[in-house]
2 protein chains.
Amino acid sequence: MHQDLGSAPRPNTRMRILAACRELFNERSPADVTTAQIAAAVGINEGNLYYHFNRKEQILEALFGEFERGLREVAAADLTQSDDPARYSGYLSGWFSLMWEWRFFYRDSALIFRLAPSLRPKVQALSDHGQEQIRRVLGNRRKAGLLRATDEEIDQLIVNAWIVSTYWIDYLRSRHGVADITREQLNWGASQIVSLFRPYLTAAGLEMFDIKPDPDTLAQPD
Amino acid sequence: MHQDLGSAPRPNTRMRILAACRELFNERSPADVTTAQIAAAVGINEGNLYYHFNRKEQILEALFGEFERGLREVAAADLTQSDDPARYSGYLSGWFSLMWEWRFFYRDSALIFRLAPSLRPKVQALSDHGQEQIRRVLGNRRKAGLLRATDEEIDQLIVNAWIVSTYWIDYLRSRHGVADITREQLNWGASQIVSLFRPYLTAAGLEMFDIKPDPDTLAQPD
DNA sequence: GTCTATAATGAGATAGAC
DNA sequence: GTCTATCTCATTATAGAC
């Protein structure tokens, strides 16, 4: 009521801190960004920074909250099944885009757990949720005759897909020295995931991913 | 000549430092182990520690040298092909055992690169070497009719296998909160790798891994 | 080679005025 | 809410005696 809606509402300091931190942390690891640098980036004083977050850890917790909301959205997106093939090939890249926006969580998880141990159980819970969603999606696709795999194979697929996607950004850096990831490299990651599922896709499933079926190695529908 | 071979030759301080560090670093990350703690573990003074390694970074470099030798041995082991099936099922666990011995390198790579940036190119070179070896092994198995895969599929397999194996230990910790890894969990990792190759194995190849062939999804020999 | 000092650093964090 | 000034504190690292 007190706020003048006519004037450009300058985002409050708390939000500006979080936005600046996401950028800084994506550039270099949270452990390499000092509170002094954060304050400088936001254009405020270090003392002021500590008024809003009196532990560096709290900044990471707040950022994780934002990340978590985004992740749950993406995870849920695929559940609203439609027959639109574009959905099937597109949602993987949605997943990877989110990973890109919050790449420091993937890239620097070890450092982050050190700075904010409280995130450890949260990440675990989020992983549980994510893998559950993937399991449901795969279950649905199996029922729809797009996928042919035993329960055990699905278990293994989920774990492998999870690992490859989660560590993809770190892999690019440690193996290929990639500092600034391109869209192309994200697509490469997505194609690695597709390659995991490919041997288990039926003809109909392959079509969904726009893959030319190979009659010799095609998974047979039940 | 001066050394009395009759008395138990106490290992020199440098070696004791390295041995102690490997243990300490495996327990908790190198970033969490201070030079004071290292000295205490070895039973020497901190000043003495700095006589042997005047940067903490140098300790990590020396340890990496040891690790590298071990890795190259394991990588080469599978090249000496034999028809002994035990070799095929056993060498993966040899690989994972080495990863276990030097698990801090896998678990804390981000922290380690921070402490010892000089290791970054070395790790990259080692990865190159490792993936080359895997490529040769897979090529040989394809020629031997154990594996059926296109060149592109082999490329993707190598990358996926590399990522899953490299990050397996970190995955166990971040996803399942595993601090002390059991032999069983290492075997689980190895079985995840096997599951990557399984769809591409021929009947003969499956036998090598002691896997019961499933006639429906069997890869056909060329 | 090994020790006892002690310096040098640089981060996170706080008190209290405005 | 924002600032200035200051504190605390853990670490790495060095100088020099033994």
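Note that the coordinates shown come from a computational prediction; the quantities given were computed from them, not determined experimentally. Order of the sequence lines fixes the chain letters, A, B, ..., with proteins taken first and strands second; residue numbering starts at 1 for each chain.
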query = To the nearest angstrom, how far is B:Phe53 atom CZ from D:dT12 atom P?
reply = 15 Å
key: N-O pairing of B:Asp108 and B:Arg103 below 4.0 Å   = no
message = Distance check needed: C:dC3 P versus B:Asn48 CG, whole Å only.
response = 5 Å
query = Is the shortest side-chain N/O distance from A:Tyr50 to OP1 or OP2 of C:dA13 below 4.0 Å?
reply = yes
task = Would you please classify the geometry between the B:Trp188 ring and the B:Tyr171 ring as parallel, tilted or perpendicular, with 30° and 60° separating the classes?
result = perpendicular
inquiry  = Rounded to whole Å, please give me the gap between CG in B:Leu115 and C1' in D:dT11.
reply    = 12 Å
message = Heavy atoms from C-beta onward define the side chain here; which of C:dG12, D:dT2, D:dC3 lies closest to that of A:His52?
response = D:dT2
inquiry  = Please confirm whether the shortest side-chain N or O distance from B:Arg55 to OP1 or OP2 of D:dT12 is below 4.0 Å.
reply    = no
Nucleotide C:dA13, atom C1' - distance to CD of A:Glu57 in whole Å = 14 Å
query = If every non-hydrogen atom of A:Ile38 is compared with every non-hydrogen atom of A:Leu24, which pair is closest and at what distance?
reply = CA-CD1, 4.0 Å
ask   = Under 4.0 Å: is that the gap between some side-chain N or O of A:Thr13 and OP1 or OP2 of D:dT2?
value = yes
ask   = Has B:Asn54 got a side-chain N or O lying under 4.0 Å from the OP1 or OP2 atom of D:dT14?
value = no
ask   = With a 4.0 Å cut-off, would you call A:Arg135 and A:Asp155 a salt bridge?
value = yes
request  = Find the distance B:Leu49:CG to D:dT11:P and express it as a whole number of Å.
outcome  = 15 Å
note = Of the candidates C:dA11, D:dG1, C:dG1, the side chain of A:Thr34 sits closest to C:dA11
key: Whole-Å gap separating P (D:dG1) and CZ (A:Arg16)   = 13 Å
Distance, rounded to the nearest Å, where B:Tyr51 contributes OH and C:dA5 contributes P = 22 Å
note = Rounded to whole Å, CD1 of A:Ile59 lies from P of C:dA13 at a distance of 10 Å
task = Quick one: sort the B:Tyr167 and A:Tyr167 rings into parallel, tilted or perpendicular, breaks at 30° and 60°.
result = parallel
